[in-house]
Colleague: 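Quick one: this structure, given as structure tokens, is what I'll be asking you about.
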Amino acid sequence: MAEISRRAAIQALSAAALVASQAKAAEAATTADAAAPISIQADGITLIAEEGGSILVRDDADRIRLSHFMIKDTVLGQQRTFGGTPSLVTVDGRPAIQIDYTMSASARQVKVRGLFTVSARRARLRWEVSGSATLTPSGFMFARTVLAPSAPERYVPVTRWTRDTRGGVPYEVNAGALYQETWPGTGAYFRLDKTTPGFTNATWIHAPATTGNVTEADLVLGAMRPQAANGIATGSPLSVDAWCDQAFGVHEPNARMRLRAQVVNGSPTARRVRLTWTVRDFDGRTAGRGALSRRLAPGAVWDETFTVAGSPQGILFAEVKAASGEDEAFARTNLATLKPYEYQAEGRFGVANYFWMLQPDKASVGELMRKIGVKSVRIAYDGAPGHSPAELDALGIAHNVQLGGVVFDGTPEQVAAWADDRAAVARASGARYFEVANELNNPWMQGKRVPEYIRDGLRPIHDRLKDSGIKLMNCGLGGMDTVWTAKFIEAGGWDLIDAFAFHPGRGNFTPDYAPPPEEWEQGENGTYWNFLGSLREARRTIDAQGGGKELWLTEAYACTRPNRWWNDDHRQAAENVLLTLALALSEGVDGVNWYQPHDSTIHHPQEADPANPEYHFGLLNRDTSAKAALLAYATATRTLEGARFLRWSAFPDPDLKGLVFDGFSILWSRKDGYLLNADHGSDQWYPHKEAWADHWPTKTPLLLPATGATVREVDCIGRERILPVRNGRVRVVLDGAPRIYYGLSE
């Protein structure tokens with residue numbers, strides 16, 4: 001009995017020890033589970049919730065840490081989170097990380113919750129804010145730390161090409177905003193519907209609420225173009241991008257040009273995608289085309305390169321389209337060839353708005369300016385966007401300043417402080433000319449505040465710079481404002497300037513449309529906005545006043561806002577660039593600054609803005625590829641450099657026009673009138689033709705006397721044809737497009 005009891009006791013002790021051991025193991029396992037970080041993952045991306053509420057983003061390496069969220073409140077001000085508690089939750093049947101953030105004691109009533117999910121290459125970021133009735137959702141931000149990047153963060157607006165159902169040309173619309181992060185061989189993109197890059201800094205990304213008090217953003221990892229990242233972030237069925245690696249798409253003559261394309265399947269399922277591409281020249285001839293097909297997994301990126309042959313000089317219009325089932329996406333870009341040319345020191349042509357975007361880089365932009373004959377920049381001083389005065393000097397490009405901010409009706413001290421500052425900037429910049437303010441004649445033809453402008457703006461600058469060698473211009477007038485100019489002369493302003501400056505805006509009139517001032521109509525679409533009539537009135541005013549004042553067009557235009565009858569299509573713009581600069585020279589203009597180099601606005605760089613005319617004045621497209629207008633500008637500067645105007649051509653037919661210079665003539669016809677897009681309706685919309693579509697129906701053959709065996713014809717974008725001469729005469733065909741002729745005997 002005692003033995004049995006001893007054995008039972010031993011067994012009981014062993015069992016107890018086993019239970020204790022199992023309990024200890026279970027406790028250890030539970031503790032280990034509690035200490036393990038919460039993580040979720042999908043193809044190419046992992047999120048790990050760290051102690052303190054941060055989220056670590058990984059692929060094959062640690063990439064980004066998401067730490068804090070900042071709110072803005074009209075009562076509490078700006079408040080940020082201080083750590084948080086992570087938990088694993090489920091969203092739509094998938095695991096997600098939830099962070100309940102901790103706020104400071106002064107904002108304890110505010111609740112911030114983060115919710116983070118993943119799919120292939122993509123993290124969905126969501127922050128929900130509650131607990132205050134005075135939140136300012138437009139001021140929300142989140143903090144990120146990029147781990148060991150190889151390049152600085154870059155803001156990249158994203159656009160999408162679209163077609164108007166009524167017809168006309170396609171155009172770009174905004175499709176979101178990205179912040180691009182870069183490492184060797186890969187990258188990442190934060191994608192938001194909207195953001196203000198000026199509010200973003202090294203710690204915080206401006207992330208305004210998308211709905212209510214909720215901010216949503218996406219993070220995409222991988223080596224891809226911004227357009228592809230945007231497609232993955234938004235789950236777009238298809239996205240496509242088209243581009244050229246050559247800066248501005250401008251190549252040497254006869255180059256083999258590479259058109260690049262990238263397609264992404266943003267849908268959650270695999271699909272077969274058909275990729276087609278077409279390239280047309282300025283006459284609409286097909287220069288290249290093809291079709292390919294491939295099956296793409298979800299989030300997969302497809303890259304292709306196509307090669308097309310360039311001409312001695314010209315432009316090609318490329319479109320790439322991806323289609324799968326009923327889904328379709330397309331993108332466009334331009335490729336160009338431009339002959340080399342050695343410009344001389346003399347030059348009257350420049351740009352009005354500095355090349356402030358500096359895309360793709362400052363050196364490339366500087367080289368482009370030299371290549372197309374930019375001889376002056378309207379605004380350059382240290383601290384201004386674009387090239388500095390010293391950098392422009394190194395490029396051999398002269399530079400001026402235009403500065404405003406006139407303190408109307410200010411105290412003597414305020415006016416003096418303003419004038420001292422502006423004069424000092426002008427002196428330090430090495431400017432040749434100072435244009436004192438800009439378009440202060442608005443509202444047009446009313447002559448408002450002229451004496452005040454002279455008293456508070458022009459005269460103080462004049463007095464400070466009178467011995468500096470810097471020439472003064474009046475504020476460049478919007479249009480040839482005869483009322484403002486008359487009051488300016490009457491008030492004594494004329495004697496204070498060395499050059500008269502104005503901006504001959506132009507609507508749907510050819511540049512040679514020249515109604516007299518008494519016929520000008522006011523209004524948004526009025527004939528006040530004509531070119532040659534305004535230019536002639538400016539010349540008449542200068543000649544009547546005497547004193548040898550210079551004449552400057554500090555802004556000249558060819559706006560290509562899409563599908564608006566008031567504005568040029570891309571072919572019209574190219575034709576009008578050449579004719580505008582030739583007409584300016586015929587009226588003895590001393591300087592023309594083209595407005596502007598690049599489609600965009602300085603406050604929203606490289607964003608799309610199809611309805612805003614200010615956006616569409618560039619010689620380059622938004623994607624930095626050349627417009628036909630850029631080739632026309634180069635053709636004009638090369639043709640007109642050093643040229644001497646002799647007279648207008650005297651044709652028996654009054655509809656045939658021409659400018660005769662020493663060595664060449666520029667000829668065209670007005671059989672189809674002076675109005676562009678004349679068949680427009682009552683609203684602003686008008687279906688523009690493609691750049692390769694001829695829009696002049698009337699062709700007029702003409703026999704002209706010639707001096708040699710051939711005549712060389714050059715069109716607006718610099719393409720040449722050799723025309724045979726028979727019995728001392730050459731046959732030309734004129735229409736509304738200006739062409740340059742060498743070898744005529746006029």
Side-chain angles (χ1 to χ4, degrees), residues 37-38 40 47-57 64-92 94-118 122-146 153 155 157 174 176-179 181 189-220 233-235 603-604 607:
I38 298 170
I40 55 176
L47 301 188
I48 301 170
E50 298 180 314
E51 185 178 355
S54 293
I55 298 288
L56 178 64
V57 183
I64 295 169
R65 181 168 284 108
L66 304 172
S67 51
H68 305 291
F69 192 79
M70 181 181 288
I71 69 160
K72 188 174 183 180
D73 191 287
T74 56
V75 174
L76 302 172
Q78 285 188 310
Q79 299 280 349
R80 73 173 182 86
T81 61
F82 291 86
T85 303
S87 58
L88 187 63
V89 297
T90 300
V91 174
D92 296 331
R94 295 183 301 162
I97 295 174
Q98 179 175 294
I99 306 288
D100 291 298
Y101 291 99
T102 303
M103 300 297 294
S104 67
S106 60
R108 191 161 293 163
Q109 72 271 34
V110 177
K111 307 298 181 185
V112 179
R113 170 172 288 177
L115 197 62
F116 308 94
T117 58
V118 293
R122 171 191 178 193
R124 183 69 168 162
L125 319 176
R126 177 184 174 95
W127 292 271
E128 303 166 350
V129 185
S130 61
S132 173
T134 52
L135 291 165
T136 305
S138 61
F140 290 176
M141 297 184 170
F142 66 85
R144 49 66 182 99
T145 301
V146 183
E153 183 175 83
Y155 170 66
N174 285 327
L178 303 177
Y179 291 96
E181 319 297 350
Y189 296 87
F190 287 101
R191 193 270 176 191
L192 302 99
D193 284 342
K194 292 182 179 180
T195 181
T196 302
F199 296 164
T200 295
N201 56 39
T203 302
W204 300 96
I205 285 181
H206 178 237
T210 46
T211 56
N213 296 324
V214 176
T215 284
E216 293 180 305
D218 291 274
L219 177 60
V220 176
T234 57
H603 300 295
H604 299 278
E607 294 180 13

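Only this structure's heavy atoms are used, side chains among them; waters, hydrogens and symmetry mates stay out.
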Colleague: What distance separates Asp193 CG from Asp218 CG, expressed to the nearest 0.5 Å?
Modeller: 8.5 Å

Colleague: Would a 4.5 Å heavy-atom cut-off, applied to side chains only, mark Trp127 and Phe116 as touching?
Modeller: yes

Colleague: Of all the heavy-atom pairs spanning Arg122 and Ala233, show the shortest one and how long it is.
Modeller: NH2-O, 2.8 Å

Colleague: If you take all heavy atoms of Ala207 and Phe142, which pair is closest and at what distance?
Modeller: CB-CD2, 3.6 Å

Colleague: List the atom of Leu88, the atom of Pro95, and the distance in Å for their closest heavy-atom pair.
Modeller: CD1-CB, 4.2 Å

Colleague: Please say whether more than 12 non-hydrogen atoms of neighbouring residues, nucleotides or ligands are located less than 6.0 Å from CZ in Phe199.
Modeller: no

Colleague: Taking C-beta and beyond as the side chain, do Tyr101 and His68 meet within less than 4.5 Å on heavy atoms?
Modeller: no

Colleague: Could you report the tightest heavy-atom contact between Leu76 and Ser106, atom names first, then the distance?
Modeller: CD2-O, 3.6 Å

Colleague: Testing the 3.5 Å rule here: is there a donor-acceptor pair between the side chains of Thr195 and Tyr179?
Modeller: yes

Colleague: Could you tell me the separation between the CD1 atom of Ile64 and the CZ atom of Arg144, rounded to the nearest 0.5 Å?
Modeller: 9.0 Å

Colleague: Please report the closest heavy-atom contact between Ala209 and Gly212, naming both atoms and the distance.
Modeller: CB-O, 3.4 Å

Colleague: Working to the nearest 0.5 angstrom, can you tell me the gap between Thr85 OG1 and Glu51 CD?
Modeller: 10.5 Å

Colleague: Identify the heavy atoms of Asp100 and Gln98 that sit nearest to each other, and give their distance.
Modeller: OD2-NE2, 3.3 Å

Colleague: Does the side chain of Arg108 come within less than 4.5 Å of Met103's, by heavy atoms?
Modeller: no

Colleague: Do the non-hydrogen side-chain atoms of Leu192 and Thr210 ever get within less than 4.5 Å of each other?
Modeller: no

Colleague: Atom CD of residue position Gln109 - does it have more than 12 heavy atoms of other residues, nucleotides or ligands inside 6.0 Å?
Modeller: yes

Colleague: What's the spacing between Lys72 NZ and His206 NE2 if we round to 0.5 Å?
Modeller: 8.0 Å

Colleague: Is any side-chain heavy atom of Phe69 less than 4.5 Å from a side-chain heavy atom of Ile99?
Modeller: no

Colleague: Verify, without hydrogens or angle tests, whether Arg65 (side chain) and Ile55 (backbone) share a donor-acceptor contact under 3.5 angstrom.
Modeller: no

Colleague: Do Ile205 and Glu153 touch side chain to side chain, with heavy atoms closer than 4.5 Å?
Modeller: yes

Colleague: Nearest 0.5 angstrom please: Asp92 CG to Thr117 OG1, how far?
Modeller: 8.5 Å

Colleague: Keeping Arg94 on the side-chain end and Val118 on the backbone end, is there a donor-acceptor pair under 3.5 Å?
Modeller: yes

Colleague: Please tabulate, for side-chain N and O atoms in residues 133-141, each donor-acceptor pair with protein atoms closer than 3.5 Å (sequence neighbours left out).
Modeller:
{"residue": "Thr134", "atom": "OG1", "partner": "Asp73", "partner atom": "OD1", "Å": "2.6"}
{"residue": "Thr134", "atom": "OG1", "partner": "Asp73", "partner atom": "OD2", "Å": "3.1"}
{"residue": "Thr134", "atom": "OG1", "partner": "Ser132", "partner atom": "OG", "Å": "3.1"}

Colleague: A side-chain contact here means heavy atoms from C-beta on lying under 4.5 Å apart; do Arg191 and Val220 qualify?
Modeller: no

Colleague: For Tyr189, check ring-ring contact (aromatic ring centres under 6.0 Å, His included) against everything at least two apart and list the hits.
Modeller: none

Colleague: Considering only heavy atoms from C-beta outward, does the side chain of Leu115 approach that of Val89 to under 4.5 Å?
Modeller: yes

